[in-house]
**Q** 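So that we are looking at the same thing, I have put the structure below in structure tokens.
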Number of protein chains: 4
Amino acid sequence: MVRLAGQLFAQKGYRATTVREIADAAGILSGSLYHHFDSKESIGDEILARFLDEILADYRAAVASGGEPNQVLAQIVRTTSKTLAGNRAALTMLQNDWHYFTSQPRFRYLRAALREVERTWISQLERGIEAGAFRADLDPALTYRLLRDVLWIPAARNRPGGYSAEQVADAFLELLFNGIST
Amino acid sequence: MVRLAGQLFAQKGYRATTVREIADAAGILSGSLYHHFDSKESIGDEILARFLDEILADYRAAVASGGEPNQVLAQIVRTTSKTLAGNRAALTMLQNDWHYFTSQPRFRYLRAALREVERTWISQLERGIEAGAFRADLDPALTYRLLRDVLWIPAARNRPGGYSAEQVADAFLELLFNGIST
Amino acid sequence: MVRLAGQLFAQKGYRATTVREIADAAGILSGSLYHHFDSKESIGDEILARFLDEILADYRAAVASGGEPNQVLAQIVRTTSKTLAGNRAALTMLQNDWHYFTSQPRFRYLRAALREVERTWISQLERGIEAGAFRADLDPALTYRLLRDVLWIPAARNRPGGYSAEQVADAFLELLFNGIST
Amino acid sequence: MVRLAGQLFAQKGYRATTVREIADAAGILSGSLYHHFDSKESIGDEILARFLDEILADYRAAVASGGEPNQVLAQIVRTTSKTLAGNRAALTMLQNDWHYFTSQPRFRYLRAALREVERTWISQLERGIEAGAFRADLDPALTYRLLRDVLWIPAARNRPGGYSAEQVADAFLELLFNGIST
DNA sequence: GATGAATGAGTCTTCATTCAT
DNA sequence: AATGAATGAAGACTCATTCAT
């Protein structure tokens, strides 16, 4: 049921999906949905909260590994890449209706999670600069801002000719560390 | 009036903004809006069409300049960076309600414009690879996909501590061509 | 101006025609119409009142001629046939929006005029029956009811292959007096 | 519910009847109507389509009976007379809002049905003329045009002193075949 | 658990009319 | 006379949610 709702949310956006459509997909009437959920909001909450929990776990594990900054970042990219692939609904919901969710008290944790992601990246970039592994003229905050949207590119879209999560992660890391020039 | 609507659309999303809110902001009644516009949709159209026209003009001018691929890409990034800064409302509208707009016949031109942007990037990346300026192992389509979202980062957010359009463009180009490593 | 409005009313119905459409047709703005007329209603009133005045004049003249019932009825059909042809707008308005007009106090005269028409027909039919010119088993009220709608068939529609007002009047009178059988 | 709506449509016209009035009459809120119907249009469609189906069935059965033209026409008048009496709402809707309905694609079948009615009458009139049963100087198309409106006179209006469906049909046939003269 | 009828607040839109300029 | 901006009441329709059965 949550899965069904997630698919619809991903297809057409959270707000554009009506409770009736979810119920139709589940083969029940819209009123009957409310035996399973308090509200449409709580379905969204379930999907989103689970997703962010996994993502933050990825980040914390990578930081806790204690590796060099470039290793920590590489681990983040590789593990979240898989998490992303398994939570496409949540991702699309956030991309389509970010404003809506973050304007509601119930979803305050979204901004909090994103702040932790941001802090992690910035502090790893700073560590790398200090250690001489990254260019000294790098502005960590601005660099993170540029990278930010790329972090959420869902790997392995279900279309023929798509790329695997690993391919996307590798390409991203190569681009990140070395750029496109020869 | 278009400006007012654009600001509201950018703040809360196109769909989440009601006609009444626009009218309120303009100090008139909601019905009076229709003296100036056919529909809510046509306000959105005006904002979006103008924006994409400017963006495509940037792209075509850069390509027409006939420079080396890296110069063409640099010009694109620098000129669209300014266009983006001047069309923040349109940008936010697209980010928030992309699904909605592209599902409506009237906004078919959105996908068309994005396709032209994609083609331009991919063909410049291909030219650069052939010319030996870009790494031979680069996958143009995948690389574009990674860059895509970054292209729309609106420069110079109006918040204290923001970066100028030039700063963002420069940082992006540096990252693009050379990566973050020393 | 009244003529213009009448044409539009006839084409699409009184209610379906907006004040703005009338103004557009006149080459002015909708607000400017109100320098010429109090209201949309008063334009309709002008068209309708003139029409019914002419029709009632036709009826009274025929009755006043003092002829035999069949002659009176023939005169009515022939003269109103021309009046009808010259007032197609009014006719169409009444056919499309009869309910609307008669539900408004201002147009009370519509029902009054129709009542006079009815009374005239019924009394001529009765006179004819008494005089032995019309069949004795004729129910005057029911007969009038059957004829009623036919009375308003606008002669000579402006389409190729249409019939002239005279042709329609003659055919109607032949049908009325003799039926279709040999 | 359809019945309720039909009564209101007949009383004040389809367009003049608001969805709220229908809901009020049903003792529910206007939004609740949409639990039962897609749209106001689909209520009208249901009423009108059923009516025209019955009418066309009457016509086809009469033609299929294979009788003489005057018998076919008599059967048409007698059977549709009953159908008319049972569909007064539909009839009034068509008389009041014919223009509106026929201007909408969904109600295209209205014109088609009327064309079939017209063809039937004209071809029976032609057959009767050939067979020598009807006057040789009859113009079938013009005659049909004169009769047309009479065909839809709903029998047995619910007012005291009304006529039964049979009475109206008989009077019409007598008038049609023999006229009013002795 | 499910039904299905109903709610009620809200959405975009229309249009005859007014009025300062 | 005309403009054009604005009014305000109304119209059809949507949708998350409730609740008796």
Side-chain angles (χ1 to χ4, degrees), chain A residues 1 5 14-24 26-44 100 104, chain B residues 1 5 13-24 26-44 100 104, chain C residues 1 5 12 14-24 26-44 100 104, chain D residues 1 5 12-24 26-44 100 104:
Chain A
M1 177 114 289
Y14 173 79
R15 285 178 57 217
T17 303
T18 69
V19 166
R20 184 159 316 183
E21 286 167 336
I22 301 171
D24 281 356
I28 58 176
L29 289 190
S30 71
S32 311
L33 258 190
Y34 288 81
H35 287 285
H36 305 277
F37 291 100
D38 295 355
S39 64
K40 183 184 176 186
E41 211 179 33
S42 76
I43 306 180
Y100 174 70
Q104 292 196 251
Chain B
M1 180 112 289
Y14 171 80
R15 270 149 101 199
T17 303
T18 69
V19 165
R20 192 173 333 235
E21 286 167 337
I22 301 172
D24 282 355
I28 58 178
L29 289 189
S30 74
S32 308
L33 256 190
Y34 289 80
H35 181 61
H36 305 278
F37 292 99
D38 292 353
S39 63
K40 184 185 176 185
E41 209 181 33
S42 77
I43 306 180
Y100 174 72
Q104 292 198 254
Chain C
M1 178 113 289
K12 6 190 336 182
Y14 172 79
R15 291 194 26 233
T17 303
T18 69
V19 166
R20 185 160 314 184
E21 287 167 335
I22 301 171
D24 282 355
I28 59 177
L29 289 189
S30 72
S32 310
L33 258 189
Y34 289 80
H35 287 284
H36 304 277
F37 291 99
D38 295 354
S39 65
K40 183 185 176 185
E41 210 180 33
S42 76
I43 305 181
Y100 174 71
Q104 293 196 250
Chain D
M1 181 113 290
K12 9 191 334 182
Y14 173 79
R15 270 151 98 199
T17 303
T18 69
V19 165
R20 192 171 332 231
E21 285 166 337
I22 301 172
D24 281 356
I28 57 178
L29 290 189
S30 74
S32 308
L33 256 190
Y34 289 81
H35 182 61
H36 305 278
F37 291 100
D38 292 353
S39 63
K40 183 184 175 186
E41 209 181 34
S42 77
I43 307 180
Y100 174 71
Q104 292 198 253

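Letters A, B, ... mirror the listed sequences (proteins, then strands); counts begin at 1. Just so you know, these numbers use all the heavy atoms, side chains as well, and skip hydrogens, waters and symmetry mates.
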**Q** What's the closest nucleotide to the B/I28 side chain, out of E/dC12, F/dA6, F/dT17?
**A** F/dA6
**Q** Separation of D/L33 atom CG from E/dT7 atom P, in whole Å?
**A** 10 Å
**Q** Give me the one residue out of A/V19, A/T18, A/D24 that meets side-chain contact (heavy atoms from CB on, under 4.5 Å) with A/S30.
**A** A/V19
**Q** Evaluate the side-chain contact (heavy atoms from CB on, under 4.5 Å) criterion for residues D/M1 and D/L33: first the C-alpha distance (whole Å), next the side-chain angles of each, then the deciding distance (0.1 Å), finally the verdict.
**A** CA-CA 9 Å; D/M1 181 113 290; D/L33 256 190; 3.6 Å; yes
**Q** What heavy-atom pair brings C/K12 and C/T17 nearest, and what distance separates the two atoms?
**A** CG-OG1, 3.8 Å
**Q** Produce the list of close N/O pairs, under 3.5 Å, pairing protein atoms with atoms of nucleotides 19-21 of chain E; give distances to one decimal.
**A**
none

**Q** D/I22 CD1 to F/dC13 P: how many Å, rounded?
**A** 10 Å
**Q** For D/F37 and E/dG4, give me the distance from atom CZ to atom C1', rounded to whole Å.
**A** 15 Å
**Q** For the residue pair A/K40 and A/Y34, would you count it as a cation-pi contact if the rule is NZ or CZ under 6.0 angstrom from the ring centre and within 45 degrees of the ring axis?
**A** no
**Q** What stems involve DNA chain E, if each pair must be Watson-Crick or G-U and both of its distances must be under 3.5 Å, with 3 or more such pairs in a row?
**A** E:2-21 with F:2-21
**Q** Rounded to whole Å, how long is the line connecting atom CD of A/E21 with atom C1' of F/dT14?
**A** 12 Å
**Q** DNA chain E: D/S30 or A/H36, which has the more 5' nearest nucleotide?
**A** A/H36
**Q** Compare the minimum distances between each of E/dT3, F/dA16, F/dA12 and the side chain of A/L29, then state the nucleotide with the smallest one.
**A** E/dT3
**Q** B/D38 CG to E/dT13 P: how many Å, rounded?
**A** 9 Å
**Q** Let me know the distance between NZ of D/K40 and P of F/dC13, rounded to the nearest Å.
**A** 8 Å
**Q** If the condition is side chain to side chain contact (heavy atoms under 4.5 Å, CB included), which residues does C/Q104 pass it with, not counting sequence neighbours?
**A** C/E41, C/Y100, C/F107
**Q** With the side chain of D/S39 defined as its heavy atoms from C-beta on, choose the nearest nucleotide among F/dC13, F/dA1, F/dA5.
**A** F/dC13
**Q** Round to a whole Å and report the spacing from CD of B/E41 to C1' of E/dT11.
**A** 14 Å
**Q** Under 4.0 Å between any heavy atoms, over every strand shown, what does A/S42 touch: base, sugar-phosphate, or nothing? Just pick one.
**A** nothing
**Q** Of the non-hydrogen atoms in C/D38 and C/S42, which two are nearest, and what is the gap between them?
**A** N-OG, 3.7 Å
**Q** Mind calculating the distance between CZ (C/R15) and C1' (F/dA10) to the nearest angstrom?
**A** 13 Å
**Q** Would the distance check show the side chain of B/S32 and the main-chain N or O of B/I28 forming a donor-acceptor pair, the cut-off being under 3.5 Å?
**A** no
**Q** Want to settle it: does B/T18 or D/G27 sit nearer the 5' end of DNA chain E, counting the closest nucleotide to each?
**A** D/G27
